[in-house]
Amino acid sequence: DLHCTVQFDTVSRIYIIAKRPIQMQQRNLTEHVSLSGETELSGKALKVLQAARKVFLTHGFSAATTDMIQREAGVSKSTVYAHFTNKEALFTAVIKSECTAFTRALHNIRFQPGRLKETLGILARTYLDVVLSPSGLALYRVAFSLAGPQVSARLVADLLAGASQSGEVNFGDTSLEAVACMFVNLVRSELQLQYLTYPDSPPSAAQIDTWVTNVVTLFMRAYGGGDK
């Protein structure tokens, strides 16, 4: 499993880092969050977290304030600080929640021998569903460095390892991690850039299907064992 940590530098730029823990239970961070240990959220803490998500994704990290989050949650400022020590802790909790939801969307996709092209297509569409969603785009705008591609690349690498062992792909001297990163960046590049640039013109289902087909075909021509 993968989880995310958030680091803030001296000028409050945000770095979201995907890490593979030694041992970690899968959790839905709308119900649980790891701050000073794994703590189950109370009803009010959950309201604060949900309000923080809305405020951060609407206004960004720098413009968001704990007062805005307090008002959105409908709780007192003391209630906010009873559960989250500061704005950075709130943002960390929101990012971890988003990362968990993102990972869960891809986690159940498994490699099946003889069905690599189909599996890559499912994976690409699932990934685009996440990164092209309103919250996915908002999170991308908020963060300086987003963990989504890192998380996805590690999951893709795990899937491709099975395909490589079965002989369905041949990566030559290129590392598994590099190939996985190339696939993820191919999937997200054009459509996400288009949507970020023209937010009023989201890609259609037909455009997404065409792009996914082209990416998977290109990938298989480059690395497919007998599909070039």
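Every heavy atom of this structure was used, including side-chain atoms; hydrogens, water molecules and symmetry mates were not.
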Is the backbone N or O of Gly114 less than 3.5 Å from a side-chain atom of Glu168, with the two atoms forming a donor-acceptor pair by type? yes
Compare all side-chain heavy atoms of Phe84 with those of Ile69 and state whether any distance is below 4.5 angstrom. no
Taking the side chain as C-beta and beyond, is there a heavy-atom pair between His83 and Val80 under 4.5 Å? no
Does a side-chain heavy-atom distance below 4.5 Å link Thr174 with Met182? yes
Closer than 3.5 angstrom, by distance alone: can the side chain of Gln207 be matched with the main-chain N or O of Ser204 as a donor-acceptor pair? yes
For Ala180 and Ala153, work out which heavy atoms get closest and say how close. CB-O, 3.2 Å
Determine yes or no for a side-chain-to-main-chain donor-acceptor pair under 3.5 angstrom, with Thr58 supplying the side chain and Val55 the backbone. no
Using modelled atom types and a 3.5 Å cut-off, is there a donor and acceptor pairing between side-chain atoms of Thr126 and backbone atoms of Ile122? yes
If you take all heavy atoms of Ala157 and Leu176, which pair is closest and at what distance? O-CD2, 3.3 Å
Strictly distance-based, threshold 3.5 Å: is any side-chain N or O of Ser164 a donor or acceptor partner for the main-chain N or O of Leu160? no
Looking at every heavy atom in both Ala64 and His59, which two are closest together, and how far apart are they? N-CB, 4.4 Å
So, do Asp67 and Gln70 sit near enough that their side-chain heavy atoms are less than 4.5 Å apart? yes
Quick one: does Trp211's side chain have a donor or acceptor within less than 3.5 Å of a partner on Leu191's backbone? no
Taking the side chain as C-beta and beyond, is there a heavy-atom pair between Leu132 and Pro203 under 4.5 Å? yes
Would you check, one step at a time, whether the test side-chain hydrogen bond (donor to acceptor under 3.5 Å, both in side chains) holds for Thr66 with Tyr81? CA-CA 9 Å; Thr66 52; Tyr81 288 118; 3.1 Å; yes
What do the steps show when you test Thr213 against Thr210 for side-chain hydrogen bond (donor to acceptor under 3.5 Å, both in side chains), and what is the final call? CA-CA 5 Å; Thr213 298; Thr210 299; over 6 Å; no
Does Lys117 reach the main-chain N or O of Thr217 with its side chain, forming a donor-acceptor pair under 3.5 Å? no
Check whether any side-chain heavy atom of Leu116 sits under 4.5 Å from a side-chain heavy atom of Phe111, and report yes or no. yes
